[in-house]
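Notes for the one structure printed next.
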Number of protein chains: 2
Amino acid sequence: MTTSIQTRNTRQKDAIRAAFLEANRPLSPDEALTLAQKEVDALSIATVYRNIGSLVEDKWLTPVDVPGNSTRYEISGKAHHHHFQCNSCGTVHELEGCEIQAKPKLPRGFKYTSHEFFVYGTCSSCAK
Amino acid sequence: MTTSIQTRNTRQKDAIRAAFLEANRPLSPDEALTLAQKEVDALSIATVYRNIGSLVEDKWLTPVDVPGNSTRYEISGKAHHHHFQCNSCGTVHELEGCEIQAKPKLPRGFKYTSHEFFVYGTCSSCAK
DNA sequence: AGCGTATTGCGAGAGGACTCTCAAATGCAA
DNA sequence: TTGCATTTGAGAGTCCTCTCGCAATACGCT
C-alpha cells in the first residue's frame, strides 16, 4: 500500500480560509494575514504563504495576477469574470460576468488563448 | 536668472531610444538593455534604468504595467490601445484600437475611471 | 491520555527589481 | 582645446516578496 502524507486541520488554516470566505474578494497574502489575525493573532506570514500554496494546490484558491501589484488569490470555481481595482486603497473586487463577446482582432500569425480585463476607479468605501 | 541643469545627448541614451523605436513594442528594462547593447556593448543596466526614468519624466516613454510581470515601457502619444502577451516568450505587443465600448457595470457606489485589457496567446514568432 | 508527525512561528535567507555611490569618461560651451 | 558639469559603469546596497531551517507546538489516530 502507498503511505500517503496526511494533512491536518489547524486553527491557522481555518482562519485563512475564513478570511477568504468573509472578504469575498481576491486577497493578497498580506491582506489575508491581517484578516486571519483577527482569529489567530500570532499568525505568521510564512504560515499564510504556506497555506495559500497548499490551497492553490488543492484548487481551493486561484491566483489572480494584477498589473503592477502582487498576486491576489480568490476562491476557485467561479464563473468567468474580471476584476476591479480601487485607485485609492488598492483593493481588488470581482466584477460579475464578462462583457467581452468577440475575440479581439490580433496581428497576422498571432493566436488567441485568453484575455483579462481590469477596471480601475474608486471603490464604495473610498468614494464616501 | 535661473541656472537650469542642462542635459546631454549620449550614445547610450540614443541607443536606448533607438531600441524602443525599432522594437515597436513595449520593452522591459532588461529587453531594452539587450537591444541597446547591440549599439553600445558596455551599456549597463543602471544606465538603462536612469534613462528610462528620464524619458518617462520627459513623457517620451509611458509605463505599461503587465499582470505578474515587471513594468514595460512604450513610446508615448499613441491612441488608446491594449496589449497582447505571448504565453511562450513573454513579449508584449500593442493591439490596435480598443473594442470596449460600454463602461462596465460596477457594483453600487463604485466609480469608473479607466480600464486595461490584456490578451494572451502565442505571438507570430512562437507560433511557427 | 499518549504518541508520532504535520504544522507553526520566527528569524535568516534567497531572488528580483531597482537605486545609489563614486571614480572615470565624455559631451559641449566658450 | 580646455574646463567642468553631466553621465556612465560597476558593484554594493535597498526594498519587497516570498521561502527555508529548525525547534516548539498541537492535531488526531489509537
Side-chain angles (χ1 to χ4, degrees), chain A residues 1-19 26-58 60-73 85 90-92, chain B residues 1-19 26-58 60-73 85 90-92:
Chain A
M1 77 165 263
T2 28
T3 315
S4 61
I5 299 156
Q6 61 186 347
T7 62
R8 293 174 184 175
N9 289 321
T10 61
R11 296 187 318 124
Q12 288 83 347
K13 190 166 203 164
D14 285 347
I16 292 163
R17 265 189 297 242
L27 299 178
S28 65
D30 239 42
E31 288 174 325
L33 174 66
T34 303
L35 291 174
Q37 276 178 338
K38 289 176 182 167
E39 220 168 296
V40 180
D41 65 341
L43 184 62
S44 83
I45 187 69
T47 297
V48 173
Y49 276 106
R50 279 186 290 234
N51 277 295
I52 286 179
S54 74
L55 290 169
V56 169
E57 272 200 351
D58 297 348
W60 194 87
L61 284 180
T62 302
V64 179
D65 279 339
V66 181
N69 275 271
S70 62
T71 305
R72 286 1 194 225
Y73 297 87
Q85 184 168 30
T91 57
V92 175
Chain B
M1 78 164 262
T2 31
T3 314
S4 62
I5 299 156
Q6 63 186 347
T7 64
R8 292 174 184 174
N9 289 322
T10 62
R11 294 184 322 121
Q12 287 83 348
K13 189 166 203 165
D14 284 347
I16 291 164
R17 264 188 299 241
L27 299 178
S28 65
D30 241 41
E31 289 174 324
L33 174 67
T34 303
L35 292 175
Q37 275 177 340
K38 289 177 183 165
E39 220 168 298
V40 180
D41 66 340
L43 185 62
S44 85
I45 188 68
T47 297
V48 173
Y49 275 107
R50 279 187 288 234
N51 278 296
I52 286 179
S54 72
L55 290 169
V56 169
E57 273 200 351
D58 296 348
W60 195 87
L61 284 179
T62 302
V64 179
D65 280 338
V66 181
N69 275 271
S70 62
T71 305
R72 295 339 202 236
Y73 296 88
Q85 184 168 31
T91 57
V92 176

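These numbers come from the heavy atoms of this one structure, side chains and all, not from hydrogens, waters or symmetry mates. The model shown is predicted, which means the values in this text are computed figures rather than measured ones.
Residue A:Asn69 contributes atom CG, which lies 13 Å from atom P of D:dC16 at whole-angstrom precision. Atom-to-atom, CD of B:Glu31 to P of C:dC18 comes out at 12 Å; the value is rounded to the nearest Å. For the pair B:Lys13 NZ and C:dA25 C1', the interatomic distance rounds to 17 Å; values are reported in whole Å. Spacing between atom CD of B:Gln6 and atom P of D:dA5 amounts to 10 Å, rounded to whole angstrom units. Taking atom CG of residue A:Asn51 and atom P of nucleotide C:dG9, one finds them 9 Å apart after rounding to whole Å. Nucleotide C:dT26 holds its C1' atom 14 Å from the CG atom of B:Asp14, rounded to whole Å. In this entry the distance linking CG of A:Asp41 with C1' of D:dT25 reads 15 Å, nearest Å. Distance CG (B:Leu43) to C1' (D:dT8): 9 Å, rounded to an integer number of Å.
Phosphate contact (OP1/OP2 of C:dT26, side-chain N/O of B:Gln12, threshold under 4.0 Å): absent. Under 4.0 angstrom from either OP1 or OP2 of C:dG9 there lies at least one side-chain N or O belonging to A:Thr47. Between A:Tyr49 and the phosphate of D:dC18, there is a side-chain N or O to OP1/OP2 separation shorter than 4.0 Å. Contact between the side-chain N/O atoms of A:Thr10 and the OP1/OP2 oxygens of C:dT7 is not found at any separation under 4.0 Å.
A salt bridge links B:Asp14 and B:Arg17; the closest N-O separation between the charged side-chain nitrogens and carboxylate oxygens is under 4.0 Å.
Of all heavy-atom pairs between A:Arg72 and A:Gly90, the closest is NH2-O, 3.1 Å. Across A:Pro29 and A:Ile45, no two heavy atoms sit closer than the pair O-CD1, 4.0 Å. Nearest heavy atom pair, residue A:Ile16 against residue A:Thr47, reads CD1-O, 4.1 Å.
Comparing B:Ser70 and A:Ile16 along DNA chain C, the residue whose closest nucleotide (by nearest heavy atom) sits nearer the 5' end is A:Ile16.
Between the side chains of B:Lys13 and B:Thr7, no donor-acceptor pair of N or O atoms lies under 3.5 Å.
Between the side chain of A:Arg50 and the base of C:dG9 there is at least one donor-acceptor pair of N/O atoms closer than 3.5 Å.
Among the protein residues, B:Asp30 comes within range of no part of the nucleic acid, since none of its heavy atoms lies under 4.0 Å from any strand. Within 4.0 Å (heavy atoms only), A:Ala46 reaches at least one base atom of the nucleic acid.
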